[in-house]
A.B. asks: 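Before we start, here is the structure in question, set down as C-alpha cells.
Not measured: the values here are computed from a predicted model. Residue numbers run from 1 in the order of the sequence given. In listed order, ligands and their atoms are each counted from 1.
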Amino acid sequence: MRIVLLGPPGAGKGTQAVRIAVQLDCPHIATGDIFRANVAEETALGLLAREYMDRGDLVPDDVVIAMVLERLAEPDCADGFILDGFPRTVGQAEALDQRLAAASTPLDAVLCFKVGEDELLRRLAARAAEQRRTDDDEATIRRRLEVFASTTRHLLDYYAHRGLLAMVDALGDIDVVTGRVLAALEPEPAAVADDDELALV
Ligand code: AMP
C-alpha cells in the first residue's frame, strides 16, 4: 500500500508509522529522520536543512521534493511505502501526485492523526526531555504548530477532495491507536473524514 500520514508535530505519526511498516512489510520514509541523519553527518543537505529545522520552519520544497522522489525511486518502494512527514505543502503533494500518476501507482490512503493542542504540547515537552531534539524547545514547538495550522493543514482539504483522507483519533494507548490505524486502512475505511471532523484538526 502507498500511504501518507498527516498530523501536527507530536501526534504520534512516527511511532505508528514504525508499527504499520512492520505490519505491512513496507519501508517507512520519515523526512524529519532523513534530515536529522544528514544534520548528524554534517552533509551539505544537513547543513542547509538545519537552518530551517532549528527555527521550526519548513525546508524549501525543491530540496525536500528532490530528496523524497529520489528515495521513492529505490527498489524497496516499488510495492508500497509509508510517508511520514511528507508532503507538508500543496506543492509537495502535487509533486508526489505527478510522480505516482506517471508510474500509475496512486496513493491508497492518507491518514490524519487527530490530537488536541493541550495533549500535543504535553507530548512535545515530554519528547524534548527524552530525546533532546534541537527543535523541541518551546519557541520552536510553537512555530512548528503554527506551520502545521497555516500550511500543512491545507492538505486535509486537498486529500479529502480526492476521497483519500481518513481521520484517526490518535489519543489513547499506543496499541489502541495502531488498531484504529489498521482499521482505517481496510478497503472500506471505518472513518472517512467529513467537514465536521476536518474542523476539529
Ligand atoms: P519532523 O520530524 O517530521 O517533525 O520534521 C522535523 C523538521 O524537518 C521539520 O520541522 C522541518 O523543518 C523539516 N521537515 C521534515 N519534513 C519536511 C517536509 N516535508 N517539508 C519541509 N520540511 C520538512
Side-chain angles (χ1 to χ4, degrees), residues 2-21 27-73 77 81-100 107 110-115 117 119-156 158-159 168 170 181 201:
R2 295 174 185 84
I3 300 165
V4 163
L5 302 185
L6 293 178
K13 299 185 297 295
T15 303
Q16 295 299 333
V18 169
R19 295 174 148 228
I20 310 160
H28 164 211
I29 302 169
T31 42
D33 288 350
I34 301 176
F35 283 134
R36 278 185 288 279
N38 276 275
V39 169
E41 287 165 25
E42 297 185 344
T43 65
L45 176 65
L47 293 176
L48 184 148
R50 178 165 195 169
E51 196 187 312
Y52 296 91
M53 294 169 80
D54 282 352
R55 289 199 303 260
D57 285 331
L58 295 180
V59 177
D61 272 3
D62 53 344
V63 175
V64 189
I65 290 168
M67 180 179 89
V68 171
L69 295 187
E70 194 179 310
R71 177 67 187 87
L72 290 179
C77 294
F81 50 77
I82 297 171
L83 280 172
D84 160 14
F86 180 95
R88 267 173 150 102
T89 67
V90 170
Q92 293 177 16
E94 287 172 349
L96 177 64
D97 274 355
Q98 279 166 19
R99 162 64 69 90
L100 297 179
L107 288 175
V110 177
L111 305 186
C112 179
F113 287 39
K114 283 189 300 183
V115 180
E117 187 161 318
E119 174 64 9
L120 285 181
L121 292 170
R122 197 194 61 72
R123 289 184 188 183
L124 288 165
R127 188 170 75 185
E130 275 166 26
Q131 298 181 5
R132 300 187 176 280
R133 267 175 59 162
T134 55
D135 60 349
D136 267 348
D137 68 274
E138 206 182 317
T140 315
I141 286 173
R142 197 169 310 119
R143 176 70 192 138
R144 289 163 64 219
L145 291 171
E146 273 168 21
V147 168
F148 178 81
S150 65
T151 307
T152 308
R153 204 190 167 289
H154 293 300
L155 294 181
L156 303 186
Y158 180 93
Y159 286 121
V168 174
V181 171
V201 180

A.B. asks: Considering only heavy atoms, which protein residues lie less than 4.0 Å from any atom of ligand 1?
C.D. replies: T31, G32, F35, R36, M53, D57, L58, V59, V64, G85, F86, R88, Q92, R133, D135, R144
A.B. asks: For T43, what residues pass the side chain to side chain donor-acceptor pair (under 3.5 Å) criterion, not counting sequence neighbours?
C.D. replies: N38
A.B. asks: Does any pair with a residue in residues 82-93 pass salt bridge (Lys or Arg N to Asp or Glu O under 4.0 Å), and if so which ones, sequence neighbours excluded?
C.D. replies: none
A.B. asks: How far does CZ of R50 sit from CG of D135, to the nearest 0.5 angstrom?
C.D. replies: 9.5 Å
A.B. asks: Nearest 0.5 Å, what's the NZ-CG distance between K13 and L111?
C.D. replies: 12.0 Å
A.B. asks: List in chain and number order the residues that pass salt bridge (charged side-chain N to carboxylate O under 4.0 Å, His left out) with E138, two or more places apart in sequence or in another chain; answer none if no residue qualifies.
C.D. replies: R142
A.B. asks: How far apart are the closest heavy atoms of R71 and P27, and which atoms are they?
C.D. replies: NH2-CB, 3.8 Å
